[in-house]
Colleague: 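Structure below; questions to follow.
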Amino acid sequence: MKTTYTEKLGVTCQICGCMSSGFHYGAYTCEGCKAFFHRCIKRKLIFQKCTKGKNCQINIGYKYKCRICRYQKCLQVGMSIGAIRVGRLPNTEREKLKANSEDITGYRRRLLDLSDRITTNFANVFHDSSLFKPGKETVIKTPVPYACSGFVISELDTVGFYQLGVFNQYQEMLVPIMKDTIQFAKKLPGFLDLRLCDRVALMKQGAFCICILLMHRSLSGPNVELKGTHTSLCLTKEAISKCSEAQVLLGKTIKISERIHQLKLQQTELALFASVILLSDSPLLEERERIRSIAGDVTQALQMELGHIRSEDNDIFLSFLALKEDLKQASEEFISNLKAGSYSLPEDVCDGLLLLKDIFDI
């Protein structure tokens, strides 16, 4: 296909941020938003009510989720059926586009700098984590007694779950990651300038999501390895599936970890995705607009990196959005089960559990 003048100048769609294919109905848009607006006008579509009070942020990944907000944005940027323009683009308009393209180039450069800073901070904070260091894989597959260590546990029941201290071992894996996540969040641009209540709220809703994200290598293999500070516990997935307590604790995170593993995330993608999760919007936040602005830049940086690294996969950003929602749901379930005491016996209290209770207000 012939490259359009808007593509040559790097002009993006005023609706969703994709590459613009030209000037349509009074605005620079991609073919998708052009066709969407045409259908709305021609068919006189009536949309369902927005669940977020017509306050959705329309971008590449979200434009398909809320049609009424997408249509409202079309109107806001000046699109109308009477604004169809036929013929060559005037020279004055081309000069204006060139000036705008220089601004866009500056914005992209800023996004690249943002991406580099976040990736560097991520590497500096997590570089000592055992999760990123390859370990020796245990190959023993025969059932062993609960008391044995250094083997793969292939049979597990309720008694074994508590005798082995599966949840305590899981805590030993979680707590260092949570501590590092707090340090990483402090290095995010603008994070320390937020109100304390918002910083605390963001950590409480995102900390466990980051733990799953960073633990995925240990949970996505043929066996699940719970790496503690001094010890390690290895369980087969079959053993976990047959123990109700282990299934409640690990079942959902294992499935999510397998999906993360299939994405084969590079460090920059992992760092930016973790940042997007930590800056997720919530009705409980007091400085929502400020946080949305910071999150918007980080999200754009992630989209830009995905465009460079995975240019052939048009649906990759949608996969990230779906994964983010699943991580959020898994986090909510974990906190709910933690509050209900589903993972440990009443007398089984350790420093790690006290820390988790403190983080999640239990």
Side-chain angles (χ1 to χ4, degrees), residues 50-53 55-66 69 118 122 170 173-175 177-178 180-182 184-185 188 191 194 197-216 218-220 247-263 265 269-288 291-292 294-296 298-303 306 315-340 342-343 356-357 359-362:
C50 175
T51 58
K52 295 185 177 180
N55 201 26
C56 298
Q57 286 189 317
I58 304 302
N59 52 42
I60 295 174
Y62 202 83
K63 65 181 179 181
Y64 303 106
K65 292 189 177 182
C66 185
C69 285
I118 289 176
F122 181 86
Y170 190 60
M173 193 173 179
L174 284 180
V175 172
I177 306 173
M178 286 197 171
D180 287 344
T181 299
I182 293 171
F184 173 63
L188 290 176
F191 187 85
L194 300 174
C197 58
D198 282 347
R199 281 182 272 160
V200 172
L202 290 173
M203 290 307 307
K204 287 181 178 179
Q205 72 178 7
F208 185 71
C209 297
I210 305 303
C211 288
I212 300 176
L213 185 65
L214 299 184
M215 291 190 303
H216 75 272
S218 297
L219 303 180
S220 59
Q247 184 64 22
V248 170
L249 176 63
L250 298 167
K252 189 155 196 167
T253 56
I254 288 173
K255 291 181 180 179
I256 295 176
S257 295
E258 289 170 347
R259 286 172 51 200
I260 297 172
H261 185 70
Q262 290 173 358
L263 288 173
L265 300 180
E269 296 173 314
L270 197 60
L272 291 172
F273 187 43
S275 304
V276 169
I277 292 171
L278 287 172
L279 294 167
S280 296
D281 189 20
S282 167
L284 301 176
L285 300 173
E286 294 186 5
E287 295 183 284
R288 291 184 71 182
I291 295 169
R292 282 178 176 177
I294 300 171
V298 177
T299 302
Q300 289 293 330
L302 175 61
Q303 289 177 322
L306 292 175
D315 296 327
I316 185 64
F317 189 68
L318 295 178
S319 299
F320 274 81
L321 291 178
L323 180 59
K324 178 184 172 184
E325 291 302 314
D326 289 342
L327 287 168
K328 179 181 177 183
Q329 185 178 354
S331 175
E332 291 172 351
E333 288 184 10
F334 174 77
I335 296 170
S336 176
N337 289 330
L338 194 63
K339 290 180 177 180
S342 304
Y343 301 132
L356 293 181
K357 286 185 174 183
I359 291 174
F360 298 118
D361 284 337
I362 300 173

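Starting from 1, each residue takes its place in the sequence as its number. On a predicted model such as this, the values are computed, not experimentally measured, just so you know. Hydrogens, waters and symmetry mates are skipped; everything else that's a heavy atom, side chains included, is used.
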Colleague: Please check this pair: side chain of Thr181 against backbone of Ile177, looking for a donor-acceptor N/O pair closer than 3.5 Å.
Modeller: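 Looks like yes, one N/O pair under 3.5 Å.
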
Colleague: For a 4.5 angstrom cut-off between non-hydrogen side-chain atoms, does Met215 reach Leu174?
Modeller: yes

Colleague: Using 0.5 Å steps for rounding, measure from the CG atom of Leu327 to the CD1 atom of Ile210.
Modeller: 8.0 Å

Colleague: With the side chain counted from C-beta on, respond yes when Phe320 and Val276 share a heavy-atom pair under 4.5 Å apart, and no when they do not.
Modeller: no

Colleague: Side-chain contact, heavy-atom cut-off 4.5 Å: Leu194 with Leu285?
Modeller: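 Result no, sub-4.5 Å side-chain heavy-atom pair not found.
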
Colleague: Less than 4.5 Å apart, any side-chain heavy atom of Leu272 and any of Phe122?
Modeller: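 No, every pair of side-chain atoms sits at 4.5 Å or beyond.
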
Colleague: How about Gln205 and Ser331: do any of their side-chain heavy atoms sit closer than 4.5 Å?
Modeller: no

Colleague: Strictly below 4.0 Å, N to O, side chains only: are Asp326 and Lys255 in salt-bridge contact?
Modeller: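 Lys255 and Asp326: not salt-bridged.
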
Colleague: Is it true that, when you exclude Lys324 itself, more than 12 heavy atoms of the residues, nucleotides or ligands shown sit nearer than 6.0 Å to its NZ?
Modeller: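 Yes, because the 6.0 Å sphere around NZ of Lys324 holds more than 12 heavy atoms from other groups.
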
Colleague: Please give me the minimum heavy-atom distance between Cys209 and Ile277, naming the atom from each residue.
Modeller: CB-CG2, 3.7 Å

Colleague: Measure the spacing between CZ of Phe273 and CG of Leu323 and express it to the nearest 0.5 Å.
Modeller: 4.0 Å

Colleague: Hey, are the side chains of Phe208 and Ile335 touching, using non-hydrogen atoms and a 4.5 Å cut-off?
Modeller: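 Phe208 does not reach Ile335 side chain to side chain.
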
Colleague: With a 4.5 Å limit on heavy-atom distance, are the side chains of Phe191 and Leu278 in contact?
Modeller: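 Of all side-chain heavy-atom pairs linking Leu278 with Phe191, none is under 4.5 Å.
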
Colleague: Could you measure the distance from the CG atom of Leu270 to the CD1 atom of Ile118? Nearest 0.5 Å is fine.
Modeller: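 Those atoms lie 12.5 Å apart.
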
Colleague: Locate the shortest heavy-atom distance separating Leu188 from Ser275; write the atom from each residue and the value.
Modeller: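 Reported closest heavy-atom pair: CD2-OG, 3.3 Å.
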
Colleague: To the nearest 0.5 Å, how far apart are CG in Leu219 and CD1 in Ile212?
Modeller: 8.5 Å

Colleague: How many angstroms lie between atom OG1 of Thr253 and atom CD of Glu258, to the nearest 0.5 angstrom?
Modeller: 10.0 Å

Colleague: Is any side-chain heavy atom of Lys328 less than 4.5 Å from a side-chain heavy atom of Ser280?
Modeller: no

Colleague: Drop me the distance from Ile291's CD1 to Arg199's CZ, to the nearest 0.5 angstrom.
Modeller: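 Those atoms lie 10.5 Å apart.
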
Colleague: Return the orientation label for the His216 and His261 ring planes: parallel under 30°, perpendicular over 60°, tilted otherwise.
Modeller: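 Ring orientation of His216 relative to His261: tilted.
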
